[in-house]
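A short worksheet on the structure shown next.
Reminder, nothing fancy here: chain letters follow the sequence lines and each chain counts from 1.
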There are 2 protein chains.
Amino acid sequence: LIMMRNIWKTYQMGTETLHALRDVSFDVKKGEYLAIIGPSGSGKSTLMNLIGCLDSPTRGQYWINNNQVAEMTDDELAQIRNKEIGFVFQTFNLLARATALHNVELPLIYAGISASERHEKAQAALASVELGDRVTHRPNELSGGQRQRVAIARALVNHPSILLADEPTGALDSKTSVEIMSLFERLHAEGNTIIIVTHEHEVAERAHRVITIRDGEIEKDERIK
Amino acid sequence: LIMMRNIWKTYQMGTETLHALRDVSFDVKKGEYLAIIGPSGSGKSTLMNLIGCLDSPTRGQYWINNNQVAEMTDDELAQIRNKEIGFVFQTFNLLARATALHNVELPLIYAGISASERHEKAQAALASVELGDRVTHRPNELSGGQRQRVAIARALVNHPSILLADEPTGALDSKTSVEIMSLFERLHAEGNTIIIVTHEHEVAERAHRVITIRDGEIEKDERIK
Ligand SMILES: Nc1ncnc2c1ncn2[C@@H]1O[C@H](COP(=O)(O)OP(=O)(O)OP(=O)(O)O)[C@@H](O)[C@H]1O
Ligand SMILES: Nc1ncnc2c1ncn2[C@@H]1O[C@H](COP(=O)(O)OP(=O)(O)OP(=O)(O)O)[C@@H](O)[C@H]1O
Ligand SMILES: [Mg+2]
Ligand SMILES: [Mg+2]
């Protein structure tokens, strides 16, 4: 499903060259449940943005579904990002002036779904993360963990076959984290591919494979189930 | 130092009345190390904003240093917020177009510190959170955990006697979390007052007292050391 070969991501800062990712190579098969763990600043979000086609590498090749991402048209990329991939951002990236409901409807609008069906699907997605009673709240009328759950609901509403989640339980208490992890496990059991970035070992342990990243490089790649 | 009596925080949403805090009362003595723990949406950030004089209660009284906050002048409030309290926000609240260094200098600018002394203090604060090599980066050129550490450095740079930290290790890996918690313990050992909101039990266990909040009410208030 996903193939990364010799991926580098480099930023030029004045005279300084910063390598956020160095010569990263790995494969992810369809239906895998992978956790990516590593210290702060080690390159996890950078890697997730590349996997999600939200950014492009400085060097190296990235194939998704046997297509080289660098060769895709804008339409093909938009298709992948909106229909095949659900992305939970580390900083949520919600629209500040839209309600929770409207934020979750956004991917459905892009998918051309009718208004009444959108409403229903967005309501259901918010109910699945225990926010059924917060649908009219805007992000600044929600707690940190509630905003994170809106971001999760939005990533799931289009039933993506690939879920990319960057620290999806970072703002959640343990009980809510357990509920979200069960949600992800159900998705995985349905045959979908899950890639989670996390700092928390309890979250990483629920994946089937763990990649450890340090200073932009893969340090370890272990099958744990 | 801090006295809260019968505090309510209520939001009116159309016909619906939402009580984020209900009849909350407690005291915090000078030099205490308190953790506030509770589920997502239970009212922790709301309470922190009241303690930090960033918001006012709908009902009830709040005294800090024997002064009723509701009776303070704008000058007195500004003085407290800028000189006595250091606040680590759950969402960091960094200036997007300023470097890490400039973000950390901000409280020193308000305190009227000279430019050269500001530079030096801000550099030292960033070094204390292991970001000495990221001082010229802007927030969007930093990882999630790096942004959180800039927010921590900014809260500490003015040597506040009261540190209010809302989920200060939420975006940090375990090693970095341990470093930040040691930093807070040193501050506490120097006689300062520390109030931390956290979901993580390992973080709460390092405090001397833990208040558990649920649905806007105090459920438990335990001395643990
Ligand atoms: N636009 C940029 N310009 C320069 N450096 C950057 C930029 N974006 C990220 N970096 C640097 O690249 C490195 C990797 O960042 P990344 O966000 O991938 O880390 P991370 O592993 O997700 O960290 P965290 O766990 O703290 O979220 C960091 O050291 C960061 O400072
Ligand atoms: N401006 C607002 N208008 C309406 N409701 C609000 C507003 N701000 C917060 N709330 C509600 O008040 C409750 C408490 O919010 P608060 O941010 O204090 O929770 P929290 O304990 O910090 O949660 P978390 O652990 O998720 O950060 C939440 O249920 C939230 O939806
Ligand atoms: Mg990150
Ligand atoms: Mg909060």
Fill in the blank from the handout: Most contact-rich option vs chain B, by heavy-atom pairs under 4.5 angstrom, among A/G144, A/S177, A/S45, is A/G144
Problem - Atom CD of A/E120: over 12 foreign heavy atoms under 6.0 Å - result: no
Problem - A/R147 side chain to B/T91 side chain, donor-acceptor N/O pair below 3.5 angstrom - result: no
Problem - Crowding at NE2, A/H119 (>12 non-hydrogen neighbours, <6.0 Å) - result: no
Handout entry: Engaged part of A/Q90 at the chain B interface, taking heavy atoms whose separation is under 4.5 Å
Key = side chain
Practice task
Considering only heavy atoms and a distance below 4.5 Å, find which of A/H137, A/H201, A/Q146 pairs most often with chain B.
Solution key: A/H137
Practice task
Output the option from A/E130, A/E16, A/R134, A/E200 having the highest count of non-hydrogen pairs under 4.5 Å with chain B.
Solution key: A/R134
Practice task
Answer yes or no: does atom CZ of A/R5 have more than 12 heavy-atom neighbours from other residues, nucleotides or ligands under 6.0 Å?
Solution key: yes
Exercise for the section: Counting only heavy atoms closer than 4.5 Å, note whether A/L142 contacts chain B via side chain, backbone, both or neither. Expected result: neither
Practice task
Measure distances from B/S40 to the heavy atoms of chain A and classify the residue's part below 4.5 Å as side chain, backbone, both or neither.
Solution key: both
Fill in the blank from the handout: Ranking B/D173, B/L172, B/T198 by heavy-atom pairs under 4.5 Å to chain A gives rank one to B/D173
Fill in the blank from the handout: If one checks every heavy atom of B/I37 against chain A at 4.5 Å, the contacting part turns out to be neither
Handout entry: Enclosure of A/N140 CG (heavy-atom neighbours >12, cutoff 6.0 Å)
Key = yes
Practice task
Side chain from CB out, backbone as N, CA, C, O: work out which of these in A/E141 comes under 4.5 Å of a heavy atom of chain B, or both, or neither.
Solution key: side chain
